[in-house]
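Order of the sequence lines fixes the chain letters, A, B, ..., with proteins taken first and strands second; residue numbering starts at 1 for each chain.
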Amino acid sequence: MNSPYIEPKQHLLDLFRQALARIAPAADAGIELDRPKQAAHGDWACNVAMQLARGLKRNPREVAADLVAALPASEWVDRVEIAGPGFINVFLKPAVWQRLPAHILARGAEYGRLGLGRGERVQVEFVSANPTGPLHVGHGRGAAYGASLANVLAYAGYDVTREYYVNDAGRQMDILAVSTWLRYLELTGEHVPFPPNAYQGEYVRTMAKSIHGLHADRYKRTLAEIMTGVPPVPSAEEYVEKPDAKVAAEAALDALIAAAKRLLGQDYDYFHGYALEEQLGDCRNDLTEFGVCFDHWFSERSLHEAGLIDRALERLAARGHLYEQDGATWFRASAFGDEKDRVVRRENGQYTYFAADIAYHLNKFERGFARVVDVWGADHHGYIPRVKGALAALGLDPDRLTVALVQFAVLYRNGQKVSMSTRAGEYVTLRELRQEVGNDACRFFYVLRKSDQHLDFDLDLAKRQSTDNPVYYIQYAHARIASVLAAWGGLEGDLLDADAGRLTHPDELALLRRLAEFPEVIAAAAGDLAPHLVAYYLKDLAADLHGLYTSCQFLVEDETLRLARLQLVAATRRVLRTGLTLLGVSAPDKM
RNA sequence: GCCCCCGUAGCUCAGUGGAUAGAGCAUCCCCCUCCUAAGGGGAGGGUCACACGUUCGAUUCGUGUCGGGGGCGCCA
């Protein structure tokens, strides 16, 4: 009764390897075992006979017959059949599955944890949105995907570090600082034209109000002195309608940034720092509420300040991969698979964002990560060859970096696309989305698609509390079990010795098989960087539970049967909880 | 022009080098004196965009065509 649970797949692989060694010692075919789609084809199916047939110049069914004859006896195998063109279908004894619930209860949250990664250090960098305003729904998907992926990798046995790259050094931050100052000036009665390409959001006014409340008119400058040397600022209408207004607007904005730095001096850093702290804090807060946490917030500015960019470029130069042209410094990216060479230092002496990214990625590997996963928006795909090229040029293996591209999420309400315009500050923020549909539905819906698939986020469906909403469907399965166990009133520990041999109903066996799949799902999700596999698995698991719930009463008179069934559902609850936790979704006991 | 993603049921999407391709929704029918009906069962619905190749076997891999989405700054 209490003999340990054996991993059926590993056990069968051993048997097949032995059989293969007997009948075809020279064959180097790898043994593959698949779960057949149909129950009539057994618990596991092996196709090696068909792969061997050609080399052996024999009929695959004959090869299969020889293999079956050579299989060592096993107390777990009920029978073996040869089917179709040469499949070997293995039917296991129910006892194999019946041992599983006790095993799951004994292992608790560790059931499904794997040693695949062997403790290898992996960094997952995700979100990394510019701290220039609230996170929007697009960032939300990267956050949910990255967090779930990191959880899955950790559970699969990798030593995972979660990192957010803070773009605190670029022009976008300058634009935010100036936007804040201009709004502040409005409060002092000085109305400088607000550029259409500056940050329009209400949060900028909020920051301006706070600063004005703290320091009154201390940072006021007159319109005349600010606009000296600043080209005309296009209006919002011109910006949308006239093609050349875009260029003019960029020039005006740059001139305003220069004016702010000149007129404010040290105080410019105050605006810059204030806006950065405020927005980054808001972002961190938003993500924390979303259940998304980071081990490191890595500052882009620190790369500049520590001289790491110089060092990275020197290393590239020493290897002969940089050259000067048109006053700029270029990286010979085309020699490393990129379509053209890329500027790393502009004519004006400033480093490009790419230069910082080279230094950042070099730094990642210098910190000892064996593998790095970057989660990027799909619009950055063209950026991959140059970063990988830079790694190769630095003498690092570019395959140690995996870029996971996350496609955009489009919101639908009442069957209509919810329009978004970042420029006008008209977009749905992640916070608004979370408030509208709840964190659980939010996290789950975001990972319900393959990451490289466009996501249609149906707000109405996410809020619906019914069978068509998968997150409630799964949570409901968990709550139903909790409710049954509460009605029973015993302790989970009392179920460890239940006579699981009593579990013979087809729906019980189906659920047992499903529970056995969980570790394989984790392995697949970690291997393919695909946490959505966990979400789909949980849907299937919940469906099996709901089916059993309808077909079998758990709290029956027959005590051994009752305990066996409670053991099964308690194990199911465990796996549901583990899976939901990996996805950052709660597992409620009551709904 | 070049690059990336996608094309599977009416809709939204899973899935796989294998044996009769799945789920939810939608449509139609059925199931609560019983542990939560936020549940379950059943029916209908498919040339896995198309063509050619590789293979014992292709919806899956490769090439091409067609169709949809996205990207191609000395921006970040």
Distance check: side-chain N/O of A:Arg480 vs OP1/OP2 of B:rA37, anything under 4.0 Å?
yes
Taking 4.0 Å as the cut-off, does a side-chain nitrogen or oxygen of A:Arg346 come that near to OP1 or OP2 on B:rA76?
yes
Can you list the steps and then say if A:Glu163 with A:Tyr360 is a side chain to side chain contact (heavy atoms under 4.5 Å, CB included)?
CA-CA 12 Å; A:Glu163 186 154 304; A:Tyr360 180 41; 2.6 Å; yes
Whether A:His381 stacks on the six-membered ring of B:rG71 base, 5.5 Å and 30° limits:
no
Do side-chain atoms of A:Arg449 reach the backbone of A:His454 as a donor and acceptor pair under 3.5 angstrom?
no
CD on A:Gln567 to CG on A:Leu503, rounded to 0.5 Å
7.0 Å
Just label B:rC32 as syn or anti from its O4'-C1'-N9-C4 or O4'-C1'-N1-C2 angle, using within 90° of 0 for syn.
syn
From the options B:rC4, B:rA14, B:rU12, select the nucleotide whose nearest atom is closest to the side chain of A:Gln453.
B:rA14
Describe the nucleic acid contact of A:Leu533 in one word from base, sugar-phosphate, nothing, applying a heavy-atom distance below 4.0 Å.
sugar-phosphate
In terms of side-chain heavy atoms of A:Ser483, which of B:rC35, B:rC74, B:rA38 is nearest?
B:rC35
Nearest-nucleotide comparison on RNA chain B, the residue closer to the 5′ end among A:Glu347 and A:Thr550:
A:Thr550
Considering only B:rA19, B:rG40, B:rC13, which nucleotide approaches the side chain of A:Phe87 most closely?
B:rA19
To the nearest Å, how far apart are A:Tyr412 OH and B:rC11 P?
14 Å
When you measure from the side chain of A:Leu555, which nucleotide among B:rA19, B:rA76, B:rC35 comes out closest?
B:rC35
When you measure from the side-chain N and O atoms of A:His532 to the phosphate of B:rG15, is any distance below 4.0 Å, counting only OP1 and OP2?
yes
Per atom distances to the A:His41 side chain, the nearest of B:rC6, B:rA19, B:rG71 is B:rA19
Of the listed B:rG39, B:rA76, B:rC35, the closest approach to the A:His546 side chain comes from B:rG39
What do you reckon, is CD of A:Gln325 surrounded by more than 12 foreign heavy atoms closer than 6.0 Å?
yes
P atoms of B:rU27 and B:rG22, separation to the nearest Å
24 Å
Taking atom P in both B:rU8 and B:rC50, compute the distance separating them and give it to the nearest angstrom.
10 Å
Please answer whether the main-chain N or O of A:Gly42 pairs with a side-chain N or O of A:Asn89 as donor and acceptor at a distance below 3.5 Å.
no
Among B:rC74, B:rG69, B:rG40, the one nearest A:His454 by side-chain distance
B:rG69
Mark this stacking check for A:Tyr536 against B:rA14 as yes or no, applying ring centres under 5.5 Å and ring planes under 30°.
no
Within less than 4.0 Å of OP1 or OP2 of B:rG15, is there a side-chain N or O belonging to A:Lys450?
yes
If we take the P atom in both B:rA49 and B:rU12, what is their distance in whole Å?
15 Å
Applying a 4.0 Å non-hydrogen cut-off, can you work out what A:Ala477 is touching in the nucleic acid: base, sugar-phosphate, or nothing?
nothing
Can you tell me the distance, in whole Å, between the CD1 atom of A:Ile384 and the P atom of B:rC72?
13 Å
A:Glu520 CD to B:rG15 P, in whole Å, measures 16 Å
Using the closest heavy atom to pick a nucleotide of RNA chain B for each, name whichever of A:Tyr549 or A:Asp34 lands nearer the 5' end.
A:Asp34
I need the CD-P distance between A:Glu250 and B:rA76, as an integer number of Å.
11 Å
Within the 4.0 Å heavy-atom criterion, would you say A:Asn348 contacts the bases, only the backbone, or no part of the nucleic acid?
nothing
Presence of A:Tyr383 side-chain N/O under 4.0 Å of B:rG70 phosphate oxygens OP1/OP2
no
With sugar-phosphate meaning primed atoms plus P, OP1 and OP2, does A:Glu339 contact a base, only sugar-phosphate, or nothing at under 4.0 Å between heavy atoms?
sugar-phosphate
Where the side chain of A:Thr132 meets the backbone of A:Leu176, is there a donor-acceptor pair that is under 3.5 Å apart?
no
Here the distance between atom C1' of B:rA23 and atom CD1 of A:Ile474, to the nearest Å, is 12 Å
Can you find a donor-acceptor N/O pair under 3.5 angstrom joining the side chain of A:Asn47 to the base of B:rA19?
no
To the nearest angstrom, the CG-C1' distance between A:Asp452 and B:rC13 comes to 13 Å
Salt-bridge present (A:Lys261, A:Asp174; N to O < 4.0 Å)
yes
Residues in salt bridge (charged side-chain N to carboxylate O under 4.0 Å, His left out) with A:Asp254, at least two apart?
A:Arg171
Counting only Watson-Crick pairs (N1-N3 plus N6-O4 or O6-N4) and G-U wobbles (N1-O2, O6-N3), all under 3.5 Å, who is the partner of B:rG7?
B:rC66
Is A:Trp330 touching bases, backbone alone, or none of the nucleic acid, heavy atoms closer than 4.0 Å?
base
Let me know the distance between CG of A:Leu455 and P of B:rC6, rounded to the nearest Å.
15 Å
Looking at B:rC74, B:rA19, B:rG40, which one has an atom nearest to any side-chain atom of A:Tyr473?
B:rG40
